[in-house]
Amino acid sequence: MEKLQSKDPLHGITLQRILEQLVDYYGFDTLGELIKIKCFTDNPSIKSSLTFLRKTDWARKKVEELYIKTCSKFTV
């Protein structure tokens, strides 16, 4: 039986990994400019950002969209 691959570019990637890669690539300053949410601009941390993004669907969607746009630039 052949395995079917998901067409979802986020399949198998955790929110924490997405956030860590975006922070490594952009830094919180630029991330806060690209996505205007307080958890990226006021005393940002991975932990506080994850807490907010897990509760707030619209913000998580924006982070995931930015990740998809820029994931080809990440070094794996």
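All heavy atoms count here, side chains included; hydrogens, waters and symmetry mates do not.
In terms of the side chain to side chain donor-acceptor pair (under 3.5 Å) criterion, Glu65 has no residue partners (sequence neighbours excluded). Partners of Thr51 under the side chain to side chain donor-acceptor pair (under 3.5 Å) rule, at least two apart in sequence or in another chain, do not exist in this structure.
How far CG of Leu19 is from CZ of Arg60: 10.5 Å, rounded to the nearest 0.5 Å. To the nearest 0.5 Å, atoms CD (Glu64) and CD1 (Ile13) are separated by 10.0 Å. Residue Leu10 holds its CG atom at 4.5 Å from CD1 of Ile18, rounded to the nearest 0.5 Å.
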Show the atom names and distances, to 0.1 Å, of all donor-acceptor pairs under 3.5 Å that link a side chain in residues 30-43 to residues at least two apart or in another chain.
{"from": "Thr30", "atom 1": "OG1", "to": "Tyr26", "atom 2": "O", "distance (Å)": "3.4"}
{"from": "Lys36", "atom 1": "NZ", "to": "Glu33", "atom 2": "O", "distance (Å)": "3.0"}
{"from": "Thr41", "atom 1": "OG1", "to": "Lys38", "atom 2": "O", "distance (Å)": "3.4"}

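The number of heavy atoms from other shown groups lying within 6.0 Å of CG (Asp24) is above 12.
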